[in-house]
Amino acid sequence: MKFRRLPPLHTLEAFVLAARSGSFQEAARVLNLTPSAVSHQIKALEGFLGVALFQRRPRQLLLTPAGASYRDLVERTLSRLRDGTDQLRGQHGRTRLSVTLGAFVAAEWVLPRLSDFTARHPQIELAIDTSTRERDLLHEEVDVALRFGHGRWPGVTALRLIEVRAVPVVAPRLAPAEADFAALGRLPRIHSTLVPEGWSTWARAVGIELPPAPAEHGFDSYLTMLQAVEQGMGVGLGLRPLIDGRLARGRLVAPWWGVAPKASTYWLLHRPGEAGRPELRAFRDWITALLDDLVSGRTRFDETPTPE
(Lines give C-alpha, C1' and ligand atoms only; values in the text may rest on other atoms or scores of the structure.)
Protein backbone atom coordinates (compact mmCIF):
# COMPACT_ATOMS: atom_id res chain seq x y z
CA MET A 1 0.00 0.00 0.00
CA LYS A 2 1.39 3.36 -1.01
CA PHE A 3 0.79 6.16 1.48
CA ARG A 4 -0.07 9.53 0.06
CA ARG A 5 1.59 12.52 1.65
CA LEU A 6 -0.34 14.53 4.21
CA PRO A 7 0.30 18.10 5.31
CA PRO A 8 2.05 18.51 8.67
CA LEU A 9 -0.38 18.29 11.59
CA HIS A 10 0.76 21.58 13.13
CA THR A 11 -0.18 23.47 9.95
CA LEU A 12 -3.67 21.97 10.05
CA GLU A 13 -4.12 23.04 13.69
CA ALA A 14 -2.95 26.57 12.86
CA PHE A 15 -5.31 26.67 9.87
CA VAL A 16 -8.37 25.64 11.93
CA LEU A 17 -7.64 28.17 14.67
CA ALA A 18 -7.11 31.00 12.17
CA ALA A 19 -10.27 29.99 10.29
CA ARG A 20 -12.36 29.97 13.47
CA SER A 21 -11.12 33.30 14.76
CA GLY A 22 -10.50 35.08 11.46
CA SER A 23 -7.16 36.21 12.84
CA PHE A 24 -3.57 35.02 12.66
CA GLN A 25 -2.93 36.96 15.85
CA GLU A 26 -5.62 35.09 17.79
CA ALA A 27 -4.41 31.74 16.45
CA ALA A 28 -0.88 32.70 17.50
CA ARG A 29 -2.08 33.52 21.03
CA VAL A 30 -3.68 30.10 21.41
CA LEU A 31 -0.66 28.29 19.97
CA ASN A 32 1.84 30.42 21.91
CA LEU A 33 3.52 31.47 18.66
CA THR A 34 4.07 34.76 16.86
CA PRO A 35 1.53 35.88 14.22
CA SER A 36 4.36 35.72 11.70
CA ALA A 37 5.00 32.06 12.54
CA VAL A 38 1.31 31.24 12.07
CA SER A 39 1.27 33.12 8.76
CA HIS A 40 4.28 31.08 7.57
CA GLN A 41 2.55 27.83 8.57
CA ILE A 42 -0.58 28.79 6.62
CA LYS A 43 1.52 29.69 3.57
CA ALA A 44 3.28 26.33 3.83
CA LEU A 45 -0.09 24.58 3.93
CA GLU A 46 -1.35 26.57 0.94
CA GLY A 47 1.83 25.70 -0.94
CA PHE A 48 1.35 22.02 -0.13
CA LEU A 49 -2.27 22.11 -1.34
CA GLY A 50 -1.66 24.40 -4.29
CA VAL A 51 -4.67 26.56 -3.44
CA ALA A 52 -5.33 29.74 -1.46
CA LEU A 53 -7.22 29.16 1.77
CA PHE A 54 -7.61 32.80 2.86
CA GLN A 55 -8.25 36.17 1.34
CA ARG A 56 -5.87 38.50 3.15
CA ARG A 57 -7.25 42.01 3.43
CA PRO A 58 -6.25 44.93 5.66
CA ARG A 59 -7.50 44.08 9.17
CA GLN A 60 -9.58 41.24 7.76
CA LEU A 61 -8.94 37.58 7.09
CA LEU A 62 -11.57 35.74 5.04
CA LEU A 63 -11.79 32.12 3.98
CA THR A 64 -11.90 31.38 0.28
CA PRO A 65 -14.58 28.88 -0.86
CA ALA A 66 -11.84 26.22 -0.96
CA GLY A 67 -10.71 27.27 2.51
CA ALA A 68 -14.24 27.01 3.94
CA SER A 69 -14.68 23.53 2.51
CA TYR A 70 -11.27 22.39 3.72
CA ARG A 71 -11.89 23.79 7.22
CA ASP A 72 -14.97 21.58 7.61
CA LEU A 73 -12.98 18.54 6.52
CA VAL A 74 -10.02 19.30 8.79
CA GLU A 75 -12.20 20.04 11.83
CA ARG A 76 -14.08 16.76 11.44
CA THR A 77 -10.88 14.82 10.92
CA LEU A 78 -9.02 16.35 13.86
CA SER A 79 -12.06 15.83 16.11
CA ARG A 80 -12.24 12.15 15.17
CA LEU A 81 -8.49 11.79 15.68
CA ARG A 82 -8.68 13.34 19.17
CA ASP A 83 -11.69 11.21 20.15
CA GLY A 84 -10.04 8.05 18.86
CA THR A 85 -6.81 8.86 20.69
CA ASP A 86 -8.68 9.45 23.97
CA GLN A 87 -10.63 6.23 23.51
CA LEU A 88 -7.49 4.22 22.83
CA ARG A 89 -5.72 5.68 25.86
CA GLY A 90 -8.75 4.86 27.99
CA GLN A 91 -8.91 1.28 26.75
CA HIS A 92 -5.29 0.74 27.73
CA GLY A 93 -5.66 1.86 31.30
CA ARG A 94 -4.96 5.59 31.35
CA THR A 95 -6.85 8.72 30.43
CA ARG A 96 -5.63 12.29 30.47
CA LEU A 97 -7.44 15.35 31.81
CA SER A 98 -6.04 18.85 31.35
CA VAL A 99 -7.09 21.37 34.02
CA THR A 100 -6.36 25.09 34.07
CA LEU A 101 -6.74 27.13 37.26
CA GLY A 102 -5.18 30.04 39.12
CA ALA A 103 -1.94 29.63 41.03
CA PHE A 104 -3.53 30.50 44.39
CA VAL A 105 -6.28 27.85 44.31
CA ALA A 106 -3.77 25.35 42.93
CA ALA A 107 -1.24 26.00 45.70
CA GLU A 108 -3.78 26.42 48.51
CA TRP A 109 -6.27 23.66 47.79
CA VAL A 110 -5.64 21.41 44.79
CA LEU A 111 -1.95 20.48 44.93
CA PRO A 112 -1.81 19.70 48.70
CA ARG A 113 -4.70 17.26 48.22
CA LEU A 114 -3.85 15.90 44.79
CA SER A 115 -2.51 12.64 46.21
CA ASP A 116 -6.04 11.88 47.38
CA PHE A 117 -7.36 12.24 43.84
CA THR A 118 -4.62 10.10 42.31
CA ALA A 119 -5.16 7.41 44.95
CA ARG A 120 -8.86 7.31 44.10
CA HIS A 121 -8.32 7.47 40.33
CA PRO A 122 -4.89 6.05 39.45
CA GLN A 123 -5.96 5.60 35.82
CA ILE A 124 -6.37 9.38 35.31
CA GLU A 125 -3.34 11.43 34.32
CA LEU A 126 -3.87 15.06 35.34
CA ALA A 127 -2.13 17.93 33.55
CA ILE A 128 -2.32 21.06 35.71
CA ASP A 129 -1.87 24.51 34.11
CA THR A 130 -1.54 27.60 36.34
CA SER A 131 -0.46 30.18 33.78
CA THR A 132 -2.02 33.63 34.08
CA ARG A 133 -3.20 33.49 30.46
CA GLU A 134 -6.86 32.53 30.23
CA ARG A 135 -7.11 29.34 28.19
CA ASP A 136 -9.76 28.85 25.50
CA LEU A 137 -11.69 25.62 26.12
CA LEU A 138 -13.27 25.64 22.67
CA HIS A 139 -10.03 26.05 20.73
CA GLU A 140 -7.25 24.71 22.96
CA GLU A 141 -6.28 21.31 24.32
CA VAL A 142 -7.65 21.94 27.80
CA ASP A 143 -10.60 20.05 29.28
CA VAL A 144 -11.54 21.86 32.49
CA ALA A 145 -11.15 25.44 33.71
CA LEU A 146 -11.69 26.67 37.26
CA ARG A 147 -12.49 30.38 37.19
CA PHE A 148 -13.95 33.24 39.15
CA GLY A 149 -16.71 35.10 37.35
CA HIS A 150 -20.37 35.65 36.62
CA GLY A 151 -21.14 32.20 35.19
CA ARG A 152 -21.74 33.26 31.61
CA TRP A 153 -19.07 32.10 29.16
CA PRO A 154 -20.31 31.73 25.58
CA GLY A 155 -20.28 28.21 24.24
CA VAL A 156 -19.17 26.40 27.41
CA THR A 157 -20.92 24.67 30.30
CA ALA A 158 -20.46 26.27 33.74
CA LEU A 159 -21.00 24.52 37.09
CA ARG A 160 -21.22 26.71 40.18
CA LEU A 161 -18.80 25.60 42.90
CA ILE A 162 -18.70 28.15 45.74
CA GLU A 163 -19.38 31.80 46.49
CA VAL A 164 -16.45 33.82 47.86
CA ARG A 165 -16.55 36.89 50.06
CA ALA A 166 -13.94 39.60 50.49
CA VAL A 167 -12.65 40.67 53.90
CA PRO A 168 -9.63 42.86 54.80
CA VAL A 169 -6.77 40.81 56.28
CA VAL A 170 -3.39 41.67 57.80
CA ALA A 171 -0.43 39.95 59.41
CA PRO A 172 -1.06 39.41 63.15
CA ARG A 173 1.49 42.04 64.17
CA LEU A 174 -0.35 44.70 62.15
CA ALA A 175 -3.81 44.01 63.57
CA PRO A 176 -5.27 47.29 64.89
CA ALA A 177 -6.45 47.53 68.48
CA GLU A 178 -9.83 48.68 67.20
CA ALA A 179 -11.13 47.31 63.93
CA ASP A 180 -12.77 50.49 62.67
CA PHE A 181 -12.67 51.61 59.08
CA ALA A 182 -10.37 54.49 59.96
CA ALA A 183 -7.67 51.91 60.69
CA LEU A 184 -7.68 51.03 57.00
CA GLY A 185 -6.30 54.48 56.31
CA ARG A 186 -3.31 53.93 58.59
CA LEU A 187 -2.01 50.85 56.78
CA PRO A 188 -0.42 50.48 53.35
CA ARG A 189 -2.98 49.02 50.97
CA ILE A 190 -2.15 45.95 48.89
CA HIS A 191 -4.04 44.81 45.80
CA SER A 192 -3.81 42.39 42.91
CA THR A 193 -3.09 44.11 39.61
CA LEU A 194 -5.36 41.52 37.96
CA VAL A 195 -8.29 43.09 39.87
CA PRO A 196 -7.26 46.75 40.32
CA GLU A 197 -10.80 47.79 41.24
CA GLY A 198 -11.03 45.27 44.10
CA TRP A 199 -10.79 47.75 46.97
CA SER A 200 -13.19 50.28 45.46
CA THR A 201 -15.71 47.50 44.74
CA TRP A 202 -15.41 46.28 48.32
CA ALA A 203 -15.90 49.80 49.71
CA ARG A 204 -19.06 50.31 47.64
CA ALA A 205 -20.46 46.97 48.80
CA VAL A 206 -19.77 47.85 52.44
CA GLY A 207 -21.14 51.36 51.97
CA ILE A 208 -18.13 53.37 53.06
CA GLU A 209 -15.78 55.90 51.54
CA LEU A 210 -12.37 54.28 51.53
CA PRO A 211 -9.87 56.43 53.44
CA PRO A 212 -6.64 57.34 51.65
CA ALA A 213 -3.77 54.93 52.31
CA PRO A 214 -0.22 56.01 53.21
CA ALA A 215 1.07 53.75 50.39
CA GLU A 216 -0.22 51.23 47.86
CA HIS A 217 1.43 48.11 46.49
CA GLY A 218 0.27 45.97 43.57
CA PHE A 219 1.14 42.36 42.78
CA ASP A 220 0.46 40.43 39.59
CA SER A 221 -1.03 37.37 41.26
CA TYR A 222 -3.35 36.77 44.18
CA LEU A 223 -0.93 34.29 45.73
CA THR A 224 2.00 36.75 45.85
CA MET A 225 -0.34 39.46 47.11
CA LEU A 226 -1.35 37.29 50.09
CA GLN A 227 2.27 36.45 50.77
CA ALA A 228 3.06 40.18 50.87
CA VAL A 229 0.25 40.69 53.38
CA GLU A 230 1.63 37.86 55.53
CA GLN A 231 5.04 39.54 55.50
CA GLY A 232 3.48 42.66 57.01
CA MET A 233 3.56 44.95 53.98
CA GLY A 234 0.01 46.14 54.59
CA VAL A 235 -3.66 45.20 54.39
CA GLY A 236 -5.13 43.15 51.55
CA LEU A 237 -8.47 41.66 50.63
CA GLY A 238 -8.77 37.98 51.49
CA LEU A 239 -11.32 35.74 49.81
CA ARG A 240 -13.22 33.61 52.29
CA PRO A 241 -13.50 30.68 52.59
CA LEU A 242 -10.44 30.17 50.36
CA ILE A 243 -8.13 31.86 52.88
CA ASP A 244 -9.61 30.12 55.92
CA GLY A 245 -6.59 27.83 56.15
CA ARG A 246 -4.27 30.80 56.57
CA LEU A 247 -6.63 32.32 59.14
CA ALA A 248 -6.85 29.04 61.08
CA ARG A 249 -3.05 28.74 61.19
CA GLY A 250 -2.65 32.33 62.39
CA ARG A 251 -0.74 33.44 59.31
CA LEU A 252 -3.39 36.08 58.68
CA VAL A 253 -6.00 37.75 60.84
CA ALA A 254 -9.27 39.42 59.83
CA PRO A 255 -10.00 42.16 62.39
CA TRP A 256 -12.91 43.31 60.19
CA TRP A 257 -14.35 39.78 60.29
CA GLY A 258 -18.01 40.71 60.03
CA VAL A 259 -17.55 42.84 56.91
CA ALA A 260 -17.36 40.36 54.05
CA PRO A 261 -19.62 41.18 51.07
CA LYS A 262 -19.88 38.79 48.15
CA ALA A 263 -16.89 39.23 45.85
CA SER A 264 -17.36 36.58 43.17
CA THR A 265 -18.34 32.99 42.44
CA TYR A 266 -16.03 30.13 41.58
CA TRP A 267 -16.99 27.95 38.62
CA LEU A 268 -15.96 24.76 36.85
CA LEU A 269 -16.12 25.07 33.06
CA HIS A 270 -15.99 22.42 30.36
CA ARG A 271 -17.07 21.95 26.77
CA PRO A 272 -20.75 21.16 26.09
CA GLY A 273 -21.59 17.49 25.83
CA GLU A 274 -18.59 16.31 27.86
CA ALA A 275 -20.16 16.11 31.31
CA GLY A 276 -20.39 12.32 30.97
CA ARG A 277 -16.68 11.75 30.36
CA PRO A 278 -15.58 9.50 33.24
CA GLU A 279 -12.35 11.40 33.93
CA LEU A 280 -14.09 14.79 33.85
CA ARG A 281 -16.89 13.53 36.09
CA ALA A 282 -14.35 12.12 38.55
CA PHE A 283 -12.50 15.44 38.82
CA ARG A 284 -15.74 17.42 39.06
CA ASP A 285 -17.03 15.27 41.91
CA TRP A 286 -13.68 15.41 43.72
CA ILE A 287 -13.24 19.20 43.53
CA THR A 288 -16.90 19.74 44.45
CA ALA A 289 -16.54 17.58 47.57
CA LEU A 290 -13.28 19.30 48.48
CA LEU A 291 -14.84 22.76 48.34
CA ASP A 292 -18.06 21.61 50.02
CA ASP A 293 -15.95 20.44 52.98
CA LEU A 294 -14.27 23.83 53.06
CA VAL A 295 -17.55 25.76 53.11
CA SER A 296 -19.13 23.47 55.71
CA GLY A 297 -16.11 23.68 58.03
CA ARG A 298 -15.26 19.98 57.75
CA THR A 299 -11.76 20.70 56.41
CA ARG A 300 -8.95 20.15 58.96
CA PHE A 301 -6.24 22.66 58.18
CA ASP A 302 -3.61 21.04 60.39
CA GLU A 303 -3.52 18.08 58.00
CA THR A 304 -2.92 20.07 54.80
CA PRO A 305 -0.11 22.61 55.21
CA THR A 306 0.03 25.20 52.48
CA PRO A 307 3.00 24.76 50.10
CA GLU A 308 5.01 27.86 49.21
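Please read all numbers here as calculations on a predicted model, not as lab measurements.
Between the side chain of Glu230 and the backbone N or O of Leu226 there is no donor-acceptor pair closer than 3.5 Å. Between the side chain of Ser98 and the backbone N or O of Val142, no donor-acceptor pair lies under 3.5 Å. With Arg113 contributing its side chain and Glu108 its backbone, the two residues share a donor-acceptor pair below 3.5 Å. In this structure a side-chain-to-backbone donor-acceptor pair under 3.5 Å is present from Trp199 to Ile190. At distances below 3.5 Å, not a single donor-acceptor pair connects side-chain atoms of Arg165 with backbone N or O atoms of Ala263. A donor-acceptor pair under 3.5 Å is absent between the side-chain atoms of Ser69 and the main chain of Ala66, judged by distance alone. Formation of a donor-acceptor pair under 3.5 Å by the His121 side chain with backbone atoms of Gln123 is not found in this model. Trp256 places a side-chain N or O within 3.5 Å of a backbone atom of Asp180 that can act as its donor or acceptor partner.
Glu178 and Arg186 are not joined by a salt bridge, as no carboxylate oxygen comes within less than 4.0 angstrom of a charged side-chain nitrogen. We find that Arg96 and Glu279 are not joined by a salt bridge, their nearest charged nitrogen and carboxylate oxygen being 4.0 Å or further apart.
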Checking Asp136 against Arg29 for the side chain to side chain contact (heavy atoms under 4.5 Å, CB included) test, could you report, in this order, the C-alpha distance in whole Å, the side-chain angles of both residues, the deciding distance, and whether it holds? CA-CA 10 Å; Asp136 188 336; Arg29 184 190 68 81; 4.3 Å; yes
For the pair Leu97 and Val99, evaluate side chain to side chain contact (heavy atoms under 4.5 Å, CB included) and give the outcome as yes or no after the intermediate values. CA-CA 6 Å; Leu97 190 72; Val99 180; 4.1 Å; yes
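At least one side-chain heavy atom of Pro168 sits less than 4.5 Å from a side-chain heavy atom of Leu237. Considering only heavy atoms from C-beta on, Ile287 comes within 4.5 Å of Leu291 through its side chain.
Screening Trp109, Tyr222, Phe148 for a ring pair (Phe, Tyr, Trp, His ring centres under 6.0 Å) involving Phe104 leaves a single residue, Tyr222. Checking Arg281, Arg271, Arg284 one by one against Asp143, the salt bridge (charged side-chain N to carboxylate O under 4.0 Å, His left out) holds for a single residue, Arg271. Between Tyr266 and the options Leu239, Val105, Leu242, a side-chain contact (heavy atoms from CB on, under 4.5 Å) holds for only Val105.
Side-chain contact check for Trp286 and Asp116: at least one donor-acceptor pair (N or O, by modelled atom type) lies under 3.5 Å. Of the N and O atoms on the side chains of Ser221 and Thr224, at least one donor lies less than 3.5 Å from an acceptor on the other residue.
Between Trp202 and Phe181, the ring-plane angle classifies as perpendicular under the 30° and 60° cut-offs. Relative orientation of the Tyr70 and Phe15 rings is tilted, given thresholds of 30° and 60° on the angle between their planes.
Other residues, nucleotides and ligands contribute only 12 or fewer heavy atoms inside 6.0 Å of the CZ atom of Arg80.
Closest heavy-atom contact between Pro7 and Leu45: CB-CD1, 3.5 Å.
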